[in-house]
Amino acid sequence: MLDNLGNRFQEIFKKVRGNGVLNESNIKDALKEVRLALLEADVNYKVVKEFVGKVKEKAVGETVLKGINPAQQFIKIVHDELVELLGGTNARLTKANKPPTIIMLAGLQGAGKTTFAAKLAKFLKKKGEKPYLVGADIYRPAAMKQLQVLGESIGVGVFTIEGSQDAVKICEEGITKSKEEHATYIILDTAGRLHIDENLMDELKEIKKMARPQEILLVVDAMTGQDAVNVASKFNETLNIDGVVVTKLDGDARGGAALSIKAVSGKPIKFIGVGEKLEDIELFHPDRLASRILG
Ligand code: GDP
């Protein structure tokens, strides 16, 4: 996960540690490399500029330069700023005062929404909850089938109306059915599209109005880099989402999306997807990802 970026930071920090003293000039050199490493990882350039500016401001302070271990302090500043950039605190799912909690998933086709729906159901089931899945991806009939197969494999109920072209109706009936089954969580897998368009947004707005979910999670694909960040901003403007799920952070994804999403869209990452298997889901911890990247 973000291995290239991690390796780059290792090299930068090694150089910083190797400097006998830390002064404005070698801090500047180190920051230049930090800037390049982040840009190469596909982090939004405005975000990079701001990040480097903040680190510089703190690192060029008297206490750092004259401190006992300036290199260590510099590394700590980068770490703390990275945690801040990733959202600071752990953002968690909102729970309904009284079950069921309704979670609405949105995202473009191929982002990993249906897979995430099943991953989340499995995750919640393991915590002793009773999740229920509702398949309303009416534009991709295979998605409904896929959800049914996944639901069966984890022993979670799935509601869908095959052949239906009415996503709002599927969600409405799905919620009724889930309540009859005493589900504690209802996960709505909505339709995706290849690109954002008005019809998709209208449909999602309708579902939101009817379902009044506690959480709207947007699923984005880390491999699409800056696009993922733009998608998050657009969906947030229209739907006022509650959080983002970044999938495919495994493999050699550049993953810069994960670093820019909070800063650009204003919404926190709540989960990450780290593989195709249903257990490849992690709650998002900004400090853990920062430590993973910085070593
Ligand atoms: P949807 O169109 O958004 O519902 O996307 P799908 O859930 O069908 O996922 C699209 C593809 O991405 C599938 O081949 C999934 O196995 C794959 N996928 C989903 N999440 C992850 C992930 O976290 N890591 C990897 N490597 N693949 C994933």
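All ligand and atom numbering here is 1-based and tracks the order in the structure. Just so it is clear, the values below take in all heavy atoms, side chains as well, and ignore hydrogens, waters and symmetry mates.
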Original post:
Is it true that a side-chain atom of E24 and a backbone atom of V60 form a donor plus acceptor pair closer than 3.5 Å?
Top reply: no
Original post:
Okay, side chain of T247, backbone of A111: is any donor-acceptor separation there less than 3.5 Å?
Top reply: yes
**OP:** Start with the C-alpha distance between K248 and E276, add both sets of side-chain angles, then the distance that settles side chain to side chain contact (heavy atoms under 4.5 Å, CB included), and finish with yes or no.
**Re:** CA-CA 8 Å; K248 310 185 196 179; E276 292 188 79; over 6 Å; no
Minimum-distance protein heavy atom relative to [atom]:
| atom | result |
| --- | --- |
| atom 27 (N) of ligand 1 | E276 CG, 3.3 Å |
| atom 2 (O) of ligand 1 | G110 N, 2.7 Å |
| atom 24 (N) of ligand 1 | D250 OD1, 2.9 Å |
| atom 7 (O) of ligand 1 | T115 OG1, 2.5 Å |
| atom 8 (O) of ligand 1 | Q146 NE2, 3.1 Å |

**OP:** Number the atoms of ligand 1 from 1 as they appear, then name those within less than 4.0 Å of a heavy atom of G273, with their elements.
**Re:** 23 (O)
Original post:
Which of the atoms in ligand 1, numbered in the order shown and given with their element, are less than 4.0 Å from a heavy-atom of L108?
Top reply: 3 (O)
Are any of the heavy atoms in [X] under 4.0 Å away from ligand 1?
| X | result |
| --- | --- |
| V274 | yes |
| D221 | no |
| A111 | yes |

Can you find a pair of side-chain heavy atoms, one from [X] and one from [Y], that are under 4.5 Å apart?
| X | Y | value |
| --- | --- | --- |
| E50 | L85 | no |
| P213 | L188 | no |
| T190 | M104 | yes |
| L38 | L5 | yes |

Subject >> Point-to-point distance, once rounded to the nearest 0.5 Å, from CG of L289 to CG of L249 >> reply: 7.0 Å
**OP:** Just go through R140, K248, Q109, E282 and tell me whose heavy atom is the nearest to atom 28 (C) of ligand 1.
**Re:** K248
Original post:
Nearest to atom 22 (C) of ligand 1 by heavy atom, A222, G112, A142, G275: which?
Top reply: G275
Subject >> Heteroatom distance test (F116, ligand 1): nitrogen or oxygen, under 3.5 angstrom >> reply: no
Subject >> Heteroatom distance test (K113, ligand 1): nitrogen or oxygen, under 3.5 angstrom >> reply: yes
**OP:** Select one of side chain, backbone, both or neither to describe which atoms of K119 lie under 4.0 Å from any atom of ligand 1, heavy atoms only.
**Re:** side chain
**OP:** Can you tell me which residue pairs pass the ring pair (Phe, Tyr, Trp, His ring centres under 6.0 Å) test with a partner in residues 167-197, sequence neighbours excluded?
**Re:** none
Side-chain donor-acceptor contacts of residues 27-37 below 3.5 Å, not counting sequence neighbours, with atom names and distances?
from, atom 1, to, atom 2, distance (Å)
E33, OE1, K15, NZ, 3.3
E33, OE2, K15, NZ, 2.8

